[in-house]
Amino acid sequence: QPSLPKLFTIMTAPATAPAALPLVILKPREADRIVAGHPWIYGGAIMHVAPGVKDGDLVEVNDHRKHWLGVGLYNAQSKITVRVITHEHVTVDQAFFEARIRAALAVRQRHLPGATSFRVVSAEGDFLSGLIVDKYDDVLVVQTSALGMDVRKPLIVAALKAIFHPRAIVERNEMASRKFEGLPDANGLLEGTLDGPVTVTLNGLKFETDLRAGHKTGLYLDQQANYQRTAEHWLRNMDTHRAAILPLFADTYGAGHEMK
């Protein structure tokens, strides 16, 4: 059997482990998904929750034999009772968020060299379940769809300021999914000042977007590579097919702009 990546290896607590956390113990045969990297733990998978755990708290997750699995964000109001955010013995503080965000940023810089606007953090894809961060040049937009992330916004904002030194950080928390976490809608400035729309450059083209009142976080920044590939394919074949593009169900059709 091949060995698991280090990130998902079951570990025993070191002598200098961070402060003890309330314990969540899983039922037999429920640990395999977590060891394999899936971050969500549903209520039906849980055998025991330590008394006194509050929604939004950090918890230590163990298998039914009390082997360490990781640390997660607890919320009994949600069907996703625990969201695992690390399999390592670390303190979840500003430094933790800085390290995770810097790791995510390095991936974007490798695959989108020269880009100034892009999705910095994509929730589970960057091991930060419930957190989205979009970068619009010198303005950041944050979404927290999980209670555990929402109550840690001050740590997240501090980490973002340390990494990016943005002109402004905007909160766009109007997703329907927040109600399943017991969270109200929230929209506004978390840091800095922002007056009017922001102009950004994607694949050499300029777009203007209203980050405080526009659609979702503004633009579909995570699709800019697809915009470029679609435009390149259409341009290679336009002489042969004389085709036109009909954008259906599109709020902002970035690929269409790239083909003009």
Item to complete: Examine Leu131 and Trp40 and state if one hydrophobic cluster contains both, with Ile, Leu, Val, Met, Phe, Trp and Tyr joined whenever side-chain heavy atoms are less than 4.5 Å apart.
Response: no
Practice prompt. Report yes or no: do Ile163 and Val157 belong to one cluster of Ile/Leu/Val/Met/Phe/Trp/Tyr joined by side chain heavy-atom distances under 4.5 Å?
Written response: yes
Fill in: Pairwise side-chain contact, Val24 with Tyr74, heavy-atom cut-off 4.5 Å (strictly under)
yes
Practice prompt. Using the rule that two of Ile, Leu, Val, Met, Phe, Trp, Tyr join whenever any of their side-chain heavy atoms come within less than 4.5 Å, decide whether Ile85 and Leu155 are in one cluster.
Written response: yes
Discussion item. On a heavy-atom basis, which atom in Ala146 and which in Arg83 lie closest, and how many Å separate them?
Written reply: CB-NE, 3.4 Å
Discussion item. Return the CZ to CG distance between Arg100 and Leu128, rounded to the nearest 0.5 Å.
Written reply: 5.5 Å
Worksheet item: Gln143 and Asn173: side-chain donor and acceptor closer than 3.5 Å?
Response: no
Worksheet item: Within a strict 4.5 Å, meaning less than it, do heavy atoms of the Leu140 and Phe164 side chains meet?
Response: yes
Worksheet entry | Point-to-point distance, once rounded to the nearest 0.5 Å, from CG of Asn75 to CD of Glu181 | 4.5 Å
Item to complete: Tell me whether the centres of the aromatic rings in Trp68 and His87 are closer together than 6.0 Å.
Response: no
Discussion item. Between Glu208 and Lys206, does any side-chain N to carboxylate O distance fall below 4.0 Å?
Written reply: no
Discussion item. Going by salt bridge (charged side-chain N to carboxylate O under 4.0 Å, His left out), name the residues that satisfy it together with Lys179, two or more places apart in sequence or in a different chain.
Written reply: none
Worksheet item: Hey, what do you get for OH (Tyr136) to OG1 (Thr201), rounding to the nearest 0.5 Å?
Response: 13.5 Å
Worksheet item: Step by step, would you call Val71 with Leu21 a side chain to side chain contact (heavy atoms under 4.5 Å, CB included)?
Response: CA-CA 8 Å; Val71 172; Leu21 297 172; 3.8 Å; yes
Item to complete: For Thr209 and Leu211, indicate whether the former's side chain and the latter's backbone hold a donor-acceptor pair under 3.5 Å.
Response: no
Discussion item. With a 4.0 Å cut-off on N to O distance, would you call Lys27 and Asp63 a salt bridge?
Written reply: no
Worksheet item: Does any N or O in the side chain of Arg152 come within less than 3.5 Å of the main-chain N or O of Gln94, such that one atom is a donor and the other an acceptor?
Response: no
Discussion item. Grouping I, L, V, M, F, W and Y whenever their side-chain heavy atoms are under 4.5 Å apart, do Val90 and Phe97 come out in a common cluster?
Written reply: yes
Worksheet item: Heavy atoms, side chains only, cut-off 4.5 Å: are Val170 and Leu194 in contact?
Response: yes
Item to complete: Could you tell me whether a side-chain N or O of Arg172 sits under 3.5 Å from a main-chain N or O of Val141, the two making a donor and an acceptor?
Response: no
Item to complete: Could you walk me through whether Leu23 and Val59 pass the side chain to side chain contact (heavy atoms under 4.5 Å, CB included) test, one step at a time?
Response: CA-CA 6 Å; Leu23 195 61; Val59 294; over 6 Å; no
Item to complete: Looking only at non-hydrogen atoms, find the nearest pair between Arg119 and Asp134 and report the distance.
Response: NE-OD1, 2.7 Å
Worksheet item: Less than 4.5 Å apart, any side-chain heavy atom of Pro39 and any of Phe127?
Response: no
Worksheet item: Under 3.5 Å, side chain of His165 to main-chain N/O of Lys161, donor-acceptor pair present?
Response: yes
Worksheet entry | Nearest atoms (heavy-atom pairs only) where Tyr42 meets Thr81 | C-OG1, 3.8 Å
Discussion item. Between Glu191 and Arg167, does any NZ, NE, NH1 or NH2 come within less than 4.0 Å of an OD or OE carboxylate oxygen?
Written reply: no
Practice prompt. State whether the side chain of Thr86 and the backbone N or O of Glu88 hold a donor-acceptor pair below 3.5 Å, judged by distance alone.
Written response: yes
Worksheet item: Got a sec, which hydrophobics cluster with Val151, joining ILVMFWY side chains under 4.5 Å apart, including via others?
Response: Leu147, Leu183
Side-chain donor-acceptor distances from residues 47-55 under 3.5 Å, at least two apart:
{"unit_1": "Asp55", "atom_1": "OD1", "unit_2": "Ala76", "atom_2": "N", "d": "2.8"}
{"unit_1": "Asp55", "atom_1": "OD2", "unit_2": "Gln77", "atom_2": "NE2", "d": "3.2"}

Fill in: From Ile41 atom CD1 to Ser129 atom OG, the distance as rounded to the nearest 0.5 Å
10.5 Å
Worksheet, complete the sentence: Of all heavy-atom pairs linking Val121 and Ala104, the shortest is CG2-CB, 4.4 Å
Worksheet item: Which atoms form the tightest heavy-atom contact between Pro184 and Arg178, and what is the distance?
Response: O-NH2, 2.7 Å
Worksheet item: If you round to the nearest 0.5 Å, how far is CD of Glu124 from CG of Asp126?
Response: 10.0 Å
Worksheet item: Is any side-chain heavy atom of Asp137 less than 4.5 Å from a side-chain heavy atom of Ser117?
Response: yes
Discussion item. If you define the side chain from C-beta out and look only at heavy atoms, does anything of Thr144 sit under 4.5 Å from Lys153?
Written reply: yes
Worksheet item: Does the side chain of Ile46 reach to within under 4.5 Å of the side chain of Ile25, using non-hydrogen atoms?
Response: no
Worksheet item: Got Met149 and Leu73 here, is their nearest side-chain heavy-atom distance under 4.5 Å?
Response: yes
Worksheet item: Can you tell me how far CD1 of Ile101 sits from CG of Leu105, rounded to the nearest 0.5 angstrom?
Response: 9.5 Å
Worksheet item: Can Arg29 and Asp32 be counted as an ion pair, charged N to O under 4.0 angstrom?
Response: no
Item to complete: Can you see which heavy atom on Arg108 is nearest to which on Val120, and at what distance?
Response: CZ-O, 3.2 Å
